[in-house]
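In what follows, every heavy atom counts, from backbone to side chain, and hydrogens, waters and symmetry copies are set aside. Each residue takes its place number in the sequence, starting with 1.
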Amino acid sequence: MLTQRLSHLWNSTRRWLPGLLISLAFIVLFLTFIDVDELVAALRKADIRFLLAGSAVSVGWLLARGLVWQTLLRRRTSFRTAFLTICEGYLLNNFFPFRLGEVGRAFLISRKSPVKFMEAFSTILIERVLDLTYSAGILLLGVTFFVQATGANRVGWLVSGVMLLGLLGLYLLARHQTWALERFRQWTAHRPHLQQRGERFLRSFFLGLQVLTDGRLFLTVVGLMTLNWAIAVLQFFLYIRAFFPEAQWTWSFLGLGATAFGNAIPSLPGAVGTFEGAFSGALLLLSGDEARALAAALSTHLLAYLVNGLLGAYAFSTEGETFMGVYRQVRERAGKEITEDE
């Protein structure tokens with residue numbers, strides 16, 4: 001019994017330990033090389049008007065993201081439900097590891113609408129592929145215009161190509177569902193229990209991919225996603241402008257692109273450390289000012305926490321839920337939803 005518990009503890013630790021170490025490495029780096037007095041002075045000199053404007057725009061970003069997800073769900077739920085569920089998911093992501101908020105919002109929307117868990121989860125997968133494609137393109141622009149490092153722009157193209165191939169793979173799965181199911185049945189012919197559960201899983205998953213086969217609907221998603229990222233560019237410019245009066249519009253491309261990829265690195269919940277490292281690193285390249293760069297990153301991250309926290313708490317309260325109550329339900333039932341698609 002003790003051996004089993006230790007094995008379970010070690011398996012759990014292996015999952016979150018890399019993120020913990022990476023976040024701690026960034027935090028130690030900041031404490032070692034940043035002059036605290038200069039950082040405090042930079043925070044005091046921030047233009048509050050731009051910080052408030054950036055926070056207001058971030059609400060617009062969330063609203064646009066709600067439209068994106070509602071469209072991916074083929075409008076089988078109301079905009080209000082999609083928006084509030086996204087806010088709940090982001091709040092979960094800010095406090096719990098392993099991107100639990102993504103599983104959480106798929107689980108929550110399955111309780112509020114006709115959309116099943118795996119159907120919703122597949123739309124989140126599409127959303128993430130599109131996000132990475134856009135972030136790669138934006139980072140490519142930033143690198144091309146500002147860094148001009150040898151071979152750096154090739155990395156941006158490579159990442160964009162990989163993400164587009166991923167989207168193409170999802171499209172092919174959506175178009176050739178029968179073929180995919182037949183291959184799956186062949187591979188699991190000697191394991192009927194796995195075949196039964198897996199087929200149920202795949203059928204629900206493929207339902208979520210149907211948006212990729214509807215040209216008009218998919219173009220709507222792309223248009224809304226483009227609007228969403230344009231709002232993000234404006235949001236980041238306003239946050240940067242609060243600390244750098246000399247900032248140009250194009251600064252936000254490098255800052256946003258770097259931050260998007262920084263958030264994809266394993267870390268503590270809420271991208272603690274990696275967000276600050278990526279954003280401040282981009283601003284340091286542009287300005288050469290370490291204190292103001294870190295001050296901008298810290299302020300941006302804190303305001304994102306506040307906006308997501310307030311909207312997420314409101315969403316939970318309107319549904320009569322508690323934050324920890326939803327967390328426990330997601331932990332207890334998410335695995336069952338994935339395997340059995342109840």
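Side-chain atoms of Asn93 come within 3.5 Å of backbone atoms of Gly101 as a donor-acceptor pair (strictly under, hydrogens ignored). In terms of modelled atom types and a separation under 3.5 Å, the side chain of Thr318 and the main chain of Ala315 share a donor-acceptor contact. Looking only at distances, no side-chain donor or acceptor of Ser299 sits under 3.5 Å from a matching main-chain atom of Ala296.
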### Task
Could you please spell out the steps behind the side-chain contact (heavy atoms from CB on, under 4.5 Å) verdict for Ser287 and Trp251?
CA-CA 10 Å; Ser287 68; Trp251 285 34; 4.1 Å; yes
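Considering all non-hydrogen atoms of both residues, Ile124 and Glu102 come closest at CD1-O, 3.4 Å. Phe244 and Asp289 get closest at one heavy-atom pair: CE2-CB, 4.3 Å.
For residues 273-297, every residue pair satisfying the ring-ring contact (aromatic ring centres under 6.0 Å, His included) rule, not counting sequence neighbours, is listed here: Phe236-Phe279, Phe275-His301.
Side-chain contact check for Trp249 versus Leu234: some heavy-atom pair is nearer than 4.5 Å. By the 4.5 Å heavy-atom criterion applied to side chains, His176 and Arg183 are not counted as neighbours. With contacts defined as side-chain heavy-atom distances shorter than 4.5 Å, the pair Tyr134/Leu256 does not qualify. By the 4.5 Å heavy-atom criterion applied to side chains, Leu311 and Tyr90 are not counted as neighbours. Put simply, the side chain of Phe83 does not reach to within 4.5 Å of the side chain of Ser78, judged on heavy atoms.
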Sequence neighbours excluded and cut-off under 3.5 Å, please list the side-chain donor-acceptor pairs for residues 34-46, or say none.
| residue | atom | partner | partner atom | Å |
| --- | --- | --- | --- | --- |
| Asp35 | OD1 | Asp37 | N | 2.9 |
| Asp35 | OD1 | Glu38 | N | 3.1 |

Quick one: side chains of residues 217-224, donor-acceptor pairs under 3.5 Å with protein atoms, not counting sequence neighbours, listed by atom name and distance.
| residue | atom | partner | partner atom | Å |
| --- | --- | --- | --- | --- |
| Thr220 | OG1 | Arg216 | O | 2.9 |

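Residue Ser135 holds its OG atom at 4.5 Å from CH2 of Trp229, rounded to the nearest 0.5 Å.
A salt bridge is defined here as a Lys NZ or Arg NE, NH1 or NH2 lying under 4.0 Å from an Asp or Glu carboxylate O, and Arg292 with Glu246 meets this definition.
Within 6.0 Å of OH in Tyr314 there are 12 or fewer heavy atoms belonging to other residues, nucleotides or ligands. In Arg76, the CZ atom is crowded: over 12 heavy atoms of neighbouring residues, nucleotides or ligands sit closer than 6.0 Å.
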